**Q** 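Pasting a structure here, questions to come.
Note that the structure is a prediction, hence the values are computed from the model and not measured. We use all heavy atoms of the structure for the numbers below, so side chains are in, but hydrogens, waters and symmetry mates are not.
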Amino acid sequence: MAATGSIRLPTGQRMPTVGLGTFLSNAEAMKAAIDIGYRHIDTAQFYQNEDQLGEVLEQQIKDSKITREEMFITTKLIFMAMAPEDVRRETEKSLKRLRTSYIDLYLIHFPVSFSNEDLKQGYNMPTYSDGTIKTTFIDPLNTWREMEKLVDEGLVKAIGVSNFNKEQLERFCTEARIKPANHQIEVHAWLPQYDLVEFCQAKGIAVTAYAPIGSPGKPEEANVGPIVESLLDEPLLKEIADKHGKTPSQILLRNLVQRDLIVVPKSVTPSRMKQNLEIFDFELTDEEMEMIKGMNRELRLFNFNFIGKHNMSHPYFPWPEQKD
């Protein structure tokens with residue numbers, strides 16, 4: 001089945017299939033992306049660049065390059081703001097930074113909550129003397145109930161989650177008043193997550209893949225997971241890319257959109273941003289899809305190791321297999 005340029009959320013919104021990921025990104029890249037034709041930008045409070053995106057959006061709208069209605073903006077509630085009493089205040093801060101009256105899609109960034117003791121001073125991670133994170137035991141479903149109120153008030157169009165496991169997501173589907181519209185997770189050829197993706201899609205939950213080309217530019221100092229060789233150097237990808245006259249990154253993205261996923265590759269290079277949009281003029285064969293399926297390593301490149309090993313036994317940590 002040929003992929004399309006947008007996916008309909010349960011809310012009725014059309015979410016562009018390709019968006020710009022902005023982890024460690026900047027205003028120049030965001031402006032370039034909009035100029036190239038991106039209408040979906042993915043950010044987060046944790047990235048600390050919502051204000052830059054807001055300035056770019058405001059200027060582009062002022063210059064009649066775009067309208068707000070044309071743009072699809074995703075942002076995420078930071079780990080330290082999951083206490084129910086913090087949710088609305090931090091959401092209003094995001095709205096102010098983004099210079100918008102509403103957020104198209106608002107996600108819980110991670111199911112584990114961090115201490116909010118330093119929240120008023122900014123978004124510095126609360127740590128112990130050994131550098132590991134101070135976590136708390138807030139039920140993310142209680143956080144979610146506050147986010148449902150934001151939908152009721154029109155401050156947020158749709159709500160979803162990120163980095164949850166199947167059991168956590170199933171609980172939300174069963175107990176929440178508003179079901180998640182989107183689940184953003186790490187998905188690429190080395191971590192295809194077939195079971196979780198199929199579960200979400202069966203429940204009507206759209207899936208967004210972050211790190212869809214393996215995050216080749218991820219700096220070691222970011223401390224979010226292992227630094228390994230580049231997925232883009234896989235010989236099999238180069239073979240398929242040559243056959244189609246495309247790049248390995250375009251093959252990886254096309255593979256995911258043919259699985260009906262939304263992708264948010266990060267780039268700060270305009271030529272690569274443009275390439276990442278040029279994935280709708282060809283189709284991978286069933287055989288090629290199976291070949292890419294065989295590349296699975298179950299390798300999680302964003303394992304949140306910065307929170308410290310002892311926090312991997314936290315009751316809401318989504319990947320308990322990492323604690324050993």
**Q** Would you call the rings of Phe306 and Phe79 parallel, tilted or perpendicular if under 30° counts as parallel and over 60° as perpendicular?
**A** tilted
**Q** Using only heavy-atom distances, determine whether the side chains of Thr247 and Ser249 contain a donor-acceptor pair under 3.5 Å.
**A** yes
**Q** By side chain to side chain donor-acceptor pair (under 3.5 Å), which residues pair with Lys246, not counting sequence neighbours?
**A** Asp281
**Q** Kindly write out the residues that satisfy salt bridge (Lys or Arg N to Asp or Glu O under 4.0 Å) with Lys166, not counting sequence neighbours, or none if the list is empty.
**A** none
**Q** Show your working on side-chain contact (heavy atoms from CB on, under 4.5 Å) between Val263 and Leu252 and close with a plain yes or no.
**A** CA-CA 10 Å; Val263 293; Leu252 289 168; over 6 Å; no
**Q** Could you check, using the six-membered ring where one of them is a Trp, whether Phe110 and Phe304 have ring centers closer than 6.0 angstrom?
**A** yes
**Q** Do Ile36 and Pro270 have side chains that get closer than 4.5 Å, going by heavy atoms?
**A**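 Yes, at least one pair of side-chain atoms sits under 4.5 Å.
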**Q** Check whether any side-chain N or O of Glu70 sits under 3.5 Å from a backbone N or O of Thr67 as a donor-acceptor pair, and report yes or no.
**A**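 Yes; judged by distance alone, with no hydrogens or angles, the pair exists.
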**Q** What are the two closest non-hydrogen atoms of Phe199 and Leu169, and how far apart are they?
**A**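 Heavy atoms only, the tightest pair is CE2-CD2, 4.0 Å.
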**Q** What pair of heavy atoms forms the shortest contact from Leu232 to Pro216, and how long is it?
**A**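 Heavy atoms only, the tightest pair is CD1-CG, 3.9 Å.
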**Q** Looking only at the side chains, is there a donor atom on one of Gln250 and Arg254 sitting less than 3.5 Å from an acceptor on the other?
**A** no
**Q** Side-chain contact test, heavy atoms from C-beta onward, threshold under 4.5 Å: evaluate it for Lys157 versus Val151 and give yes or no.
**A**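 No, their side chains stay 4.5 Å or more apart.
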**Q** Counting C-beta onward and ignoring hydrogens, is there a side-chain heavy-atom pair between Thr127 and Lys134 closer than 4.5 Å?
**A**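 The answer is no; the side chains never approach within 4.5 Å.
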**Q** Tell me, please, which residues at least two apart from Phe317 pass ring pair (Phe, Tyr, Trp, His ring centres under 6.0 Å).
**A**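 For Phe317 the ring pair (Phe, Tyr, Trp, His ring centres under 6.0 Å) partners, ignoring immediate neighbours, are Trp319.
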**Q** About how many Å separate CZ of Phe302 and OH of Tyr210, when rounded to the nearest 0.5 Å?
**A** 6.5 Å
**Q** For Arg14 and Ser6, test the side chains for any donor-to-acceptor distance below 3.5 angstrom and give the result as yes or no.
**A**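 Yes, a side-chain donor-acceptor pair sits under 3.5 Å.
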**Q** How about Gln59 and Asp63: does a side-chain donor come under 3.5 Å of a side-chain acceptor?
**A** yes
**Q** Carefully, step by step, assess Thr22 and Lys266 under the rule side-chain contact (heavy atoms from CB on, under 4.5 Å).
**A** CA-CA 6 Å; Thr22 63; Lys266 179 229 169 178; over 6 Å; no
**Q** Would you please test Leu231 and Leu299 for side-chain contact (heavy atoms from CB on, under 4.5 Å) and show each step?
**A** CA-CA 11 Å; Leu231 170 57; Leu299 177 60; over 6 Å; no
**Q** Using salt bridge (Lys or Arg N to Asp or Glu O under 4.0 Å) as the criterion, list what pairs up with Asp242, not counting sequence neighbours.
**A**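 If we apply the salt bridge (Lys or Arg N to Asp or Glu O under 4.0 Å) test to Asp242, skipping adjacent residues, there are no hits.
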**Q** Using every non-hydrogen atom in the two residues, find where Ile262 and Ala206 come nearest and quote the distance to one decimal.
**A**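 The pair with the smallest heavy-atom distance is CD1-CB, 4.2 Å.
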**Q** What pair of heavy atoms forms the shortest contact from Ala209 to Val187, and how long is it?
**A**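 Looks like CB-CB, 3.7 Å.
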**Q** For residues Gln13 and Thr11, is any side-chain donor paired with an opposing acceptor at under 3.5 Å?
**A**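 On atom types as modelled, these side chains qualify, holding a pair under 3.5 Å.
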**Q** Side chain of Gln322, backbone of Met312: donor and acceptor closer than 3.5 Å?
**A** no
**Q** Thr132: what forms a side chain to side chain donor-acceptor pair (under 3.5 Å) with it, not counting sequence neighbours?
**A**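 Only Asp130 meet the side chain to side chain donor-acceptor pair (under 3.5 Å) criterion with Thr132.
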**Q** Any salt bridge linking Glu234 with Arg297? Criterion: basic side-chain nitrogen under 4.0 Å from a carboxylate oxygen.
**A** yes
**Q** For residues Ile66 and Leu57, determine if any side-chain heavy atom of one lies less than 4.5 Å from a side-chain heavy atom of the other.
**A** yes
**Q** Hey, is the main chain of Met82 close enough, under 3.5 Å, to the side chain of Thr143 for a donor-acceptor pair?
**A**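 At least one qualifying donor-acceptor pair exists.
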**Q** Any donor-acceptor pair under 3.5 Å linking the side chain of Glu148 with the backbone of Arg177?
**A**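 A pair under 3.5 Å: yes.
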**Q** Out of curiosity, Ile279 CD1 to Gln258 CD, how far, rounded to the nearest 0.5 Å?
**A** 9.5 Å
**Q** Can you name the nearest heavy-atom pair linking Gln168 to Asn163, along with the distance?
**A**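 Result for this residue pair: OE1-O, 4.5 Å.
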**Q** Between Val268 and Ile213, is there a shared hydrophobic cluster once you connect ILVMFWY residues whose side-chain heavy atoms come closer than 4.5 Å?
**A**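 No, it is not one cluster - the side chains of Val268 and Ile213 are not joined through contacts under 4.5 Å.
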**Q** Under the side-chain hydrogen bond (donor to acceptor under 3.5 Å, both in side chains) criterion, do Thr285 and Glu287 qualify, and how do the steps go?
**A** CA-CA 5 Å; Thr285 66; Glu287 181 183 7; 4.9 Å; no
**Q** Could you list all the side chain to side chain donor-acceptor pair (under 3.5 Å) pairs where at least one residue sits in residues 100-113, not counting sequence neighbours?
**A** Gln45-Tyr106, Arg68-Thr100, Arg68-Asp104, Thr91-Tyr106, Ser113-Thr136
**Q** For Gln193, give me all partners under side chain to side chain donor-acceptor pair (under 3.5 Å), at least two apart in sequence or on another chain.
**A**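 Partners of Gln193 by the side chain to side chain donor-acceptor pair (under 3.5 Å) criterion come out as none, since no residue qualifies.
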**Q** Could you pull out all residues at least two apart from Glu92 that satisfy side chain to side chain donor-acceptor pair (under 3.5 Å)?
**A**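 Glu92 satisfies side chain to side chain donor-acceptor pair (under 3.5 Å) with Arg88 once adjacent residues are dropped.
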**Q** So which pairs with a foot in residues 246-277 pass ring-ring contact (aromatic ring centres under 6.0 Å, His included), sequence neighbours left out?
**A**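 The answer is none; no pair qualifies.
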**Q** Return each pair, listed once, that meets salt bridge (charged side-chain N to carboxylate O under 4.0 Å, His left out) where at least one residue sits in residues 24-42; pairs must be two or more places apart or across chains.
**A**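 For residues 24-42, and leaving out neighbouring residues, the salt bridge (charged side-chain N to carboxylate O under 4.0 Å, His left out) pairs sorted by first residue read Lys31-Asp35, Asp42-Lys76.
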**Q** In Å and rounded to the nearest 0.5 Å, what is the CE to CG distance from Met295 to Leu191?
**A**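 These two atoms lie 12.5 Å from each other.
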**Q** To the nearest 0.5 Å, what is the distance between CD1 on Ile108 and CG on Leu141?
**A** 8.5 Å
**Q** Looking at Arg171 and Asp139, does any basic side-chain N land under 4.0 Å from a carboxylate oxygen?
**A**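 Yes.
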**Q** Going only through I, L, V, M, F, W and Y residues with side-chain contacts under 4.5 Å, is there a path from Val161 to Phe46?
**A** yes
**Q** What pairs with Lys93 under salt bridge (Lys or Arg N to Asp or Glu O under 4.0 Å), at least two apart in sequence or on another chain?
**A**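 Scan of Lys93 (salt bridge (Lys or Arg N to Asp or Glu O under 4.0 Å), adjacent residues dropped) gives Glu90.
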**Q** Once rounded to the nearest 0.5 Å, what's the spacing between atom OG of Ser162 and atom CG of Leu105?
**A**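 That separation rounds to 10.0 Å.
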**Q** Enumerate the residue pairs fulfilling ring-ring contact (aromatic ring centres under 6.0 Å, His included) with a member in residues 153-189, sequence neighbours excluded, ordered by first and then second residue.
**A**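 Qualifying pairs: Trp144-Phe172, Phe164-Phe172.
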**Q** Please answer whether the main-chain N or O of Ile133 pairs with a side-chain N or O of Asn311 as donor and acceptor at a distance below 3.5 Å.
**A** yes
**Q** Using salt bridge (charged side-chain N to carboxylate O under 4.0 Å, His left out), reason through Lys243 and Glu239 one step at a time and then give a plain yes or no.
**A** CA-CA 6 Å; Lys243 177 181 173 183; Glu239 177 185 329; over 6 Å; no
**Q** Quiz question: by atom type and distance under 3.5 Å, do the side chains of Glu50 and Thr43 form a donor-acceptor pair?
**A**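 Glu50 vs Thr43: no donor-acceptor pair found between side chains.
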**Q** Does Glu153 reach the main-chain N or O of Leu150 with its side chain, forming a donor-acceptor pair under 3.5 Å?
**A** no
**Q** Is the Lys NZ or Arg CZ of Lys293 less than 6.0 Å from the centre of Tyr194's six-membered ring, within 45° of the axis?
**A** yes
**Q** Hey, what do you get for CD (Glu58) to CG (Leu53), rounding to the nearest 0.5 Å?
**A** 11.5 Å
**Q** Between Asp86 and Arg89, is there a salt bridge with N-O shorter than 4.0 Å?
**A** yes
